[in-house]
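Some notes on the structure that comes next.
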Amino acid sequence: MWITTKHAALLLNISERAIRGKIQAGCYEVREIRNAQVGGRGGKSYEIHISSLPPQARKQYLENLQDMKNDVTESGQNAPENKEPEFTTLAGYINKYGVDAVDKALQIEAAIRDIETAPDRLEVGRRVHKWARLFDVTDTTIRNWRRDYAAHGLTGLFRKERAEKGTRKSTCEAAADRLKLIFLADNKITLKEAYKQLKKELNNTGPDTCLECYYSGQCADMDKNGWKIGSYKTAQRIVKELEYGEKKRYREGLQKCRADAMPKGRVDFTKYLVNERWTSDHHTCDFFCVDEYGYLARPQLTVWEDVRSRVITGLVLSFQGNSHTIGLAFAHGILPKPGSPIKGIPKETYMDNGKDYRSHYLGQPEKVTGRHEYTTEMRGLFSMLKIEPHYCEPYSPWSKPPESFFRTFKMQFSVHQPGYTGGSPDERPEGLDKELKKLKAEGKILTLQAAYDKIIDWVMNDYHHQVHSELGDTPMNVYLNAPRYEGGTVSQNVAAILLYHTEKRKAGRDGIRFKNALYKDRALYPLQDKWVQVRYDPFDLSSIIVEHEGKFVCIAERYTAMRTQEDVEANAQEQSFYMRRIKEKYEKYVRGSTPARRKKSKEVVVGETLDKPEEKDVVRITGLEQAAKVRQKSQAGKKPTPPPETEAPAGFEWYRLGYEEFKKAAAGDEQ
């Protein structure tokens, strides 16, 4: 492709005189043009071959041709007659192959022209080797280019497209399908092993395999001897045809495919009011804390989040997340907090589908078990607060907004804590075991309460004031300024009682047997052989609250077996109280059944009271003296066994205080 010196000067941004100087110096490949009608120098002029120009000028020329071709195509007009005859051909190349491909072809053309001007065969070989190194190809490729250029001109230097593009010659479709099937096995076999297994199976194929093949009617070059299997490179190209979702589904499992590959929709959370819908989830922290016994454990963070504003309304840090910690975190959210505007009861909740969230303690609908039915007397926390619970689809963590908060919590808080362990073996710091021992010996590992205080400080002073990507604002600004749902609130005393777990038990002659312990109170005597509701704190089983038919009965204390003579006498007094109570009720029946027309008879003496003043110092024989002496002797020097307790979540002193006030009020009512 030849251009005039004037055109070359424009492309190189220099004068025509400078171009002529470079021509005299032999910098460009030129040809001499003689025109008798042109004056000066006998009508002699020069044209420069485009391939000999610098790369930037050559590419600029091709781009100009592309623009001119586009203009002609858009206007629908033919090219002007005074254009260069090569324009249509070169522009067609550009339109078909692109500017870069045409530029590469022009460079190859210049190399071929240089080789063709060699004086002898030895110089030809040297120049072939030189251009092969410059193009980073073999000498054979250069010779093939010379052959194609000699046969087809510039067209022969472009890459040929296969007529059967998209098909394979070396591997049949049945073998390709079998290779994909082996590779997609759930044992996560490598491609190299899958290829070896396919070649072993090739030995078991024969002529009948092709006749019975699924593709027998479509295979144009059917091999009568069995499957055709290409090289390992072909196997690599076959596996590349697999979709991302296919590999996730069959090599890593259904849940991994649903989480990483399945398309997901997005919910417009702006349709909710602030405080209208809360969502909750657990998260195992990626750092260690030390418990009350000095052992290291990873705590669990339970949070409630407002869907509209993404504010963390309530949270609990414990060593075991369960339904009770969920309730504590919920109470933390609805109760007023010093220095925080976050409070109020939501309209509905959206929770995980785990059994701790579906427990009747929180608000599972009525159900029947093998022992008893959960009725309205055993309503859960949400039912008592008139909150509508909703549950997400099982095994769908992406549908819960707290997952985004937990990722931020890990990257901005957990990684900076002493004893950071990471969320997976790949994230585990090197030498963690030695580092944990050192930190524990130095007392730098956080306690549960210290970690809770730091999390509260980070959430309130940092996270709530970061601009959220979906909100376009900070969570706290949205919580304070967006339209709000007013659901009311409750006092701390009421919240403390509502958070107690509820179960159904039958009262017996000795009281209520619950959690391998016995709980007694005089108010339980009339309820013998009846079902009652028991409210209890799983972190403190020293006492339980007993209700019957929705009414408060008593606070039953944990009973300890008799150890001393005083215990024996106290038991005898309880027996006397019970018998006296039975006698008084019987006498009431006698009085109530006496006809009014009959004369009042003398009082019928049924028995004598055992609490006579003159018998104050008399030791009564109850039949338990010998057993009490034996137990007292065996238990000598031993401390009483305390009720079983576990370490309660941090930061909820009000929870204990609220119950203590309730006990005092209940004791006052009984008096």
Side-chain angles (χ1 to χ4, degrees), residues 96-98 100-101 104-105 107-108 111-112 125 128-152 155-253 256-257 260-261:
K96 183 175 182 179
Y97 300 107
D100 293 335
K104 179 69 177 296
Q107 294 179 45
I108 297 174
I112 293 173
V128 166
H129 187 65
K130 179 191 73 172
W131 286 109
R133 285 187 289 112
L134 291 176
F135 284 112
D136 194 20
V137 295
T138 63
D139 293 357
T140 303
T141 302
I142 297 293
R143 295 188 184 98
N144 292 336
W145 286 346
R146 290 181 64 195
R147 181 195 62 203
D148 294 338
Y149 183 75
H152 305 286
T155 305
L157 300 180
F158 294 102
R159 185 180 182 88
K160 312 298 186 299
E161 292 187 1
R162 288 174 48 192
E164 67 280 5
K165 186 176 181 179
T167 62
R168 306 183 188 89
K169 291 184 178 181
S170 61
T171 304
C172 61
E173 290 298 322
D177 288 349
R178 181 56 185 165
L179 177 65
K180 293 176 182 178
L181 192 62
I182 297 173
F183 181 73
L184 290 176
D186 55 3
N187 57 1
K188 299 181 181 180
I189 189 172
T190 63
L191 177 58
K192 185 172 290 187
E193 291 299 322
Y195 182 68
K196 288 181 180 179
Q197 182 175 338
L198 183 65
K199 295 194 72 173
K200 289 180 181 178
E201 294 183 5
L202 173 64
N203 299 328
N204 300 326
T205 63
D208 295 340
T209 305
C210 286
L211 295 176
E212 300 174 357
C213 179
Y214 174 78
Y215 299 99
S216 59
Q218 308 171 23
C219 184
D221 187 22
M222 185 172 61
D223 190 346
K224 300 301 183 180
N225 296 321
W227 289 346
K228 293 194 307 181
I229 301 175
S231 64
Y232 181 69
K233 290 289 185 180
T234 304
Q236 290 178 323
R237 289 192 294 269
I238 292 174
V239 169
K240 286 183 179 180
E241 297 174 2
L242 293 171
E243 295 182 12
Y244 179 77
E246 290 182 275
K247 291 184 284 187
K248 283 289 181 180
R249 168 63 182 88
Y250 295 103
R251 286 179 66 87
E252 302 185 32
K256 195 68 175 175
C257 176
D260 297 344

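Other residues, nucleotides and ligands place more than 12 heavy atoms under 6.0 Å from the CZ atom of F135. Other residues, nucleotides and ligands contribute only 12 or fewer heavy atoms inside 6.0 Å of the CG atom of D136. Within a 6.0 Å radius of NZ in K130, more than 12 heavy atoms belonging to other residues, nucleotides or ligands are found.
Taking the side chain as every heavy atom from C-beta outward, K180 and V239 never approach each other to under 4.5 Å.
Distance check: R133 CZ to T138 OG1 gives 13.5 Å after rounding to the nearest 0.5 Å. Between H129 atom NE2 and L134 atom CG the span is 10.0 Å, to the nearest 0.5 Å. Going from atom CD of E252 over to atom NZ of K188 covers 5.0 Å, rounded to the nearest 0.5 Å. One distance of note links CD of Q197 with CD of E193; it measures 9.0 Å at 0.5 Å rounding. To the nearest 0.5 Å, atoms CG (L157) and CZ (R146) are separated by 12.5 Å. Rounding to the nearest 0.5 Å places CD1 of I182 at 10.5 Å from NZ of K200.
Shortest non-hydrogen contact noted between A111 and W131 is CB-CD2, 3.4 Å.
Of the candidates R249, E246, R251, C257 forms a side-chain contact (heavy atoms from CB on, under 4.5 Å) with just one, namely R249.
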